[in-house]
Protein chains: 2
Amino acid sequence: MDQLYRSRSEAKATDLPPDATPAVRRARPTARAENERALLEAAEQIFAELGFAGATTAAIARKAGVPKANLHYYFATKEALYRAVVERVLKAWLAAAAPFDASDDPSEALAAYIGAKMDLARAMPLASRIWSAEIMRGAPIVQDFLDTTLTDWVAAREKAVVRWISAGKLKPIDARVLFYMIWATTQQYANAAHEMATLNGGRPLDDAAFEQAKRQVIETIVGGVTNF
Amino acid sequence: MDQLYRSRSEAKATDLPPDATPAVRRARPTARAENERALLEAAEQIFAELGFAGATTAAIARKAGVPKANLHYYFATKEALYRAVVERVLKAWLAAAAPFDASDDPSEALAAYIGAKMDLARAMPLASRIWSAEIMRGAPIVQDFLDTTLTDWVAAREKAVVRWISAGKLKPIDARVLFYMIWATTQQYANAAHEMATLNGGRPLDDAAFEQAKRQVIETIVGGVTNF
DNA sequence: ACGTCATTTGACCATTTGGTCAAACTTATA
DNA sequence: TATAAGTTTGACCAAATGGTCAAATGACGT
C-alpha cells in the first residue's frame, strides 16, 4: 500500500529511507517522526484553510511549533510538504472506497460505499477539502493517480454496475454519472460544512443531524437507482 | 436586482455611480465599461485557476491587456476585484434558482431546478468553480449573502418541500439534505470537469454526454425522492 | 484654444515569501 | 571521550507581490 502511484514530477525526495531501515541507523527515531507528524498536521490545517498558494511555510511552521528553517529541514519545499499531505488523503480515499466491494448486491454495496464516504467527510473534513481543492485545480499533484489507480478503480466498478443493470438490479445509468453523484454529495459534507452551519442557525451539524443526512442521502441515491 | 446583499466589510467602493448617473457626467462611457469588462473576465479566469491567494493582479492585468496600474485604477484592491467577480456569480446563482418555483409539482420543480443548475455549471464553469471555492473557504466574502438571501431562499423552499411531503407527493426528507445534494451534484460538473475528462479518456464531456448526465442526475434524484 | 476631468502608465516601494546557510547543539556509538 | 551523524535555529537573501504616485495623455464642453 506504500506505492499508490508515482508522481509525474520529481520522484519525491521526501520519502522515508528507501527500504527497510538498516536497523543500525534507526537512532533517535523520535525527533523525525514526531516533527513530521506535527508538520503534516499543521500543514493539513493551513492548506485546507488557505489553499496551496495562500498557505505560507511560516504559518505552517508556527502552527507546528517549530522554526521555519526546521520545516525546510524535513520538507525541502512547500510543494513537497503539500504532496505529503495529499498522499495521506489519497490513502484515506482509497480505504473509503473499499466498502464498494463489500457486497454484490447493488443496494448494499452502494449503501456501504456512500456511508463510508460520508464518514470520511465527517471524520477528516480538512483532508477532504484539500482533496476537493486539488481536484478543482486540475489535479496538479495527483494527475498521475487519476490516470492510473483511479481510472482502474472506476473501470473495474463500472463493470459491476453494468452487470447489475444487465441483471435488472439497477436502473440503467452511466456508472460514472453515479460515481460523480456519490463523490460530490459526500464531499459536500466536508466542503460546505460552513454553509451548512450557517443554514443551521450558525451551529455545525450535530451527530444526529449528520447521521440522518447520511441515511437520507443513501436512501435517495440507492432508491433513485434501484426503485423501478 | 442590484441590491442582492450588502457585504459585511467595507461598503463596496467599486460600485458604479451611486444612482442613476446624472446624465451629464456620462462622458466617454466606453473606456470604463470596456476595461471593467475585460478585467472582470480576466479576473474570473485567473481566480478560477489559481484561487484568491494564488491569483496575482499582475497576471490578471496581463490577461486583460492593461498595465497593472490601470487595474488598480478601476479596482482599488485585489479583494475589490474578487468581490466584483463573486457578485456576478451570485446573480447567476440566483437566476438559476428561479426554476424551482416554476411548478408546484415536486417532480417538475426539482427537474427544472436541477436542470438549470446543471446548465449553469456547464455554461459558466469558471464562475461556478469560484463560487465553490468561496464556499469552501468559509464564505469570507459572501457570508452576508448566506446569512440573509440564501437563508430566506432556503426557508421559503423548505416550506414547499414540507408541504409536498405532507401531501404525500414526496418521500420524507430533510429539505436541506435535498438541497445540498442538488448543489453538490450539479456543481460537480464544473468543479470536477478535469477529473471527468481524465476518466473520459482525456476528452471533456461532449454535449451528448452532458445531456445524458443531466437526464440521469434528474431521474436519480427526483426518482429517489418521489418513487414510493 | 482652453480648462477640466477621466484615463493611462512607468517607475517605485514596503512587505512578504520560499528558501538557504553555517554555526551550534544533541545523541549514540566505537 | 572522540567522532560522526542527525537536528535545531537565527540570520539572511533574492524574487515576487499588492499597491502608490505623479506626470503625461486624451476627450469634451465652452
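In what follows, every chain begins at residue 1, and chains take the letters A, B, ... in the order their sequences are listed.
Candidate nucleotides dT7(C), dG19(D), dT20(C) were compared by shortest atom distance to the side chain of A69(A), and dT20(C) ranks first. Nearest to the side chain of N35(A), among dT8(D), dG19(C), dT7(D), sits dT8(D). If you check dC21(C), dG19(C), dT7(D) against the side chain of A31(A), the one that comes closest is dT7(D). Side chain of H72(B), nearest nucleotide from dT8(C), dG18(C), dG18(D): dG18(D). In this structure, of dT9(C), dG19(D), dG19(C), it is dT9(C) that holds the atom nearest to the side chain of P67(B). Among the nucleotides dG19(D), dT7(C), dT8(D), the one closest to the side chain of R32(B) is dT7(C). Set against dG18(D), dT20(C), dG19(D), the side chain of T56(B) has dG18(D) as its closest nucleotide.
Here the C1' atom of nucleotide dT7(C) and the CG atom of L71(B) are 14 Å apart, to the nearest Å. Rounded to a whole Å, the NZ atom of K68(A) is 15 Å from the P atom of dT9(D). As a whole-Å value, the separation of N70(A) CG from dA24(C) P is 18 Å. Between Y82(B) atom OH and dG18(D) atom C1' there is a gap of 17 Å when expressed in whole angstrom units. Counting to the nearest Å, the C1' atom of dG19(D) and the CG atom of L39(B) are 15 Å from each other. Here the C1' atom of nucleotide dT17(D) and the CD1 atom of I46(B) are 15 Å apart, to the nearest Å.
Remark: T151(B) OG1 to E195(A) CD distance equals 9.5 Å, nearest 0.5 Å. Here CG of L110(B) is found 8.5 Å from CD1 of I221(B). Values are rounded to the nearest 0.5 Å.
Contact check, Y73(A) against dT8(D): no side-chain N or O comes under 4.0 Å of OP1 or OP2. Between Y74(A) and dT8(D), a side-chain N or O to OP1/OP2 separation shorter than 4.0 Å is present.
Separation of the W93(A) and W183(A) ring centroids falls under the 6.0 Å cut-off.
A61(B) comes within contact range of no nucleotide atom at all, as no heavy-atom separation falls under 4.0 Å. Nucleic acid contact class of A55(B) (heavy atoms, under 4.0 Å, all strands): sugar-phosphate only.
Taking the charged nitrogens against the carboxylate oxygens, E49(B) and R129(B) have no contact shorter than 4.0 Å, which rules out a salt bridge.
Closest heavy-atom contact between E79(B) and F52(B): CA-CE1, 3.9 Å.
Counting atom types as modelled, K78(A) pairs no side-chain N or O with a base atom of dG19(C) as donor and acceptor under 3.5 Å.
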